[in-house]
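Reckoned from all heavy atoms, side chains included, excluding hydrogens, waters and symmetry mates. Letters A, B, ... mirror the listed sequences (proteins, then strands); counts begin at 1. Predicted, not measured: the structure shown is a model, and the values here were computed from it.
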There are 2 protein chains.
Amino acid sequence: MTLNKCDCSLDNHRKENNNILKSANLKATKKRMILLNCLRHSDAPLNAEEIYNILKQDININLSTVYRALSALTDADILVKQILSDGNNVYQINNKNHRHIITCKICNKISYVNICPINDVIDSVSKDTGYEITGHNLEFIGICPNCIEKIEEN
Amino acid sequence: MTLNKCDCSLDNHRKENNNILKSANLKATKKRMILLNCLRHSDAPLNAEEIYNILKQDININLSTVYRALSALTDADILVKQILSDGNNVYQINNKNHRHIITCKICNKISYVNICPINDVIDSVSKDTGYEITGHNLEFIGICPNCIEKIEEN
DNA sequence: GTCTTTGCAAAGCTTTTGCATTCTG
DNA sequence: CAGAATGCAAAAGCTTTGCAAAGAC
């Protein structure tokens, strides 16, 4: 993932981040605001360590602070956490339409998917199981374009 | 999960288990065969520790043996492993139509779902992302009938 | 000034691994 | 008998936690 320093800067989305945090009764600290910008501008969901490594380039921050921020933001529904089939926990901003994920089983690259077939079956699943459905996790697994190319070269 | 001792017994599905293991070039050990029966008769997918606790009632077995057996059987596509949103790794027998899972976000009960909407969108996802799709993981999250009842009582 | 957040180090939990022993075919 | 599987104990990897210091409002 390539991310420009300026993308994460405190001043980006400053008011918006401030409001989001305040409405969740969370202090609008510099570190949380920069963390939000980091996820805002990422083209894939990130895990705690990736976020830590990106933020470290700009500010002093501790890995456990990242973990604590991520879990506070997730509890407040500001972020969505997803655990992937390889055990990797990744986070994305919870805008109306957070997206599903596809992972490459060769290089582990993660990309977003813009399709969600779930809404169509919520009612049937509810009837089938008796559960009230409140959410879902969907991960596709496959081979990314790069890896397909490499395979075809051989 | 309630499971009768006799369900897991070595003699159940003996020939079948033996063949399955042999075709995967795995030794047909007593412990693996009983482990398979344990999953065969479970009405929900189980994690390593649950399997360990069930098997321990009948035989001497070590938790790391359970882990090693599960990963050998998963590599051989005899089992399917799924990691749930709470980080719990569960396993089920990989019969033609292994099933998706729904977890109760209150009591963490896991049940099977008999519906899969994924096949219909594989092509679109592939076009959208450029990936070749080889699999998927789907977990529904909700509130189970028991917990709904408890909520309504209050 | 009070309550929340953060840093640091230590602990926790699940899963994996090394090595000697036992078992399968 | 040769190679695979197992038990045991230790290590690994990721995440959480306790406590004192720093920061937000």
Side-chain angles (χ1 to χ4, degrees), chain A residues 10 14-15 17-36 38 45-53 55-56 58-76 78-79 81-91 108 110, chain B residues 10 14-15 17-36 38 45-56 58-76 78-91 108 110:
Chain A
L10 182 57
R14 184 160 201 160
K15 274 203 181 140
N17 287 340
N18 192 72
N19 290 342
I20 289 175
L21 289 164
K22 290 290 168 57
S23 344
N25 281 316
L26 295 170
K27 305 277 181 197
T29 66
K30 188 179 166 188
K31 299 181 189 200
R32 284 172 177 168
M33 307 236 270
I34 293 178
L35 187 156
L36 282 174
C38 168
L46 302 174
N47 68 26
E49 200 165 353
E50 289 167 334
I51 294 170
Y52 170 64
N53 286 324
L55 298 192
K56 233 179 19 179
D58 290 344
I59 55 173
N60 283 326
I61 191 164
N62 191 277
L63 181 55
S64 55
T65 303
V66 174
Y67 274 107
R68 274 192 273 227
L70 288 172
S71 90
L73 295 174
T74 304
D75 288 348
I78 297 169
L79 299 182
K81 173 183 180 173
Q82 184 170 8
I83 182 164
L84 305 185
S85 52
D86 62 0
N88 192 12
N89 278 300
V90 293
Y91 295 83
N108 286 320
I110 305 175
Chain B
L10 181 58
R14 185 160 200 162
K15 272 204 184 142
N17 289 339
N18 193 73
N19 290 342
I20 289 176
L21 290 164
K22 290 289 169 57
S23 343
N25 280 317
L26 296 169
K27 305 275 182 196
T29 66
K30 188 179 165 186
K31 298 180 189 200
R32 285 174 177 166
M33 307 234 270
I34 293 178
L35 187 156
L36 283 175
C38 168
L46 301 174
N47 67 25
E49 200 165 353
E50 289 166 334
I51 294 169
Y52 171 63
N53 286 326
I54 293 168
L55 297 193
K56 233 181 17 182
D58 290 344
I59 55 172
N60 282 326
I61 191 165
N62 191 277
L63 182 54
S64 55
T65 302
V66 173
Y67 274 107
R68 274 192 273 226
L70 289 173
S71 89
L73 295 174
T74 304
D75 288 346
I78 297 168
L79 299 182
V80 178
K81 173 182 180 173
Q82 183 168 9
I83 183 163
L84 304 185
S85 52
D86 61 0
N88 192 11
N89 277 301
V90 293
Y91 295 83
N108 287 321
I110 305 175

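Within the structure, a side-chain polar atom (N or O) of A:Arg32 is placed less than 4.0 Å from OP1 or OP2 of C:dT6.
Contact record, B:Lys27 with B:Leu21: O-CD1, 4.3 Å, taken as the closest heavy-atom pair.
At the heavy-atom level, A:Lys31 lies under 4.0 Å from the strands shown only through sugar-phosphate atoms. Residue contacts shown for A:Ala28 are limited to sugar-phosphate atoms, with no base heavy atom under 4.0 Å away.
Each end of the helix from C:dG1-D:dC25 to C:dG25-D:dC1 gets its own rotation axis from five pairs of C1' atoms, and the angle between them is 40° to the nearest 10 degrees.
As a whole-Å value, the separation of B:Met33 CE from C:dT24 C1' is 11 Å. Regarding B:Leu84, its CG atom lies at a distance of 16 Å from the C1' atom of C:dT15, rounded to whole Å. Look at CG on A:Asn47: it is 12 Å from C1' on D:dT15, rounded to the nearest Å. Between the P atom of D:dT15 and the CD atom of A:Glu49 lies a distance of 8 Å, rounded to the nearest Å. One atom, CG of B:Asn89, and another, C1' of C:dT16, lie 13 Å apart when rounded to the nearest Å.
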**OP:** Take A:Leu10 and A:Asn17 through the test side-chain contact (heavy atoms from CB on, under 4.5 Å) and record every step on the way to the result.
**Re:** CA-CA 9 Å; A:Leu10 182 57; A:Asn17 287 340; over 6 Å; no
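At a non-hydrogen distance threshold of 4.0 Å, A:Ser64, A:Tyr67, A:Arg68 from residues 59-70 of chain A come into contact with DNA chain D. For the contact set between residues 18-27 of chain A and DNA chain C, defined by any heavy atom under 4.0 Å, the members are A:Leu26, A:Lys27.
Counting heavy atoms from C-beta on, the side chains of A:Leu70 and A:Leu35 come closer than 4.5 Å.
If you find the closest nucleotide of DNA chain C to B:Tyr91 and to B:Thr29, the one lying nearer the 5' end belongs to B:Tyr91.
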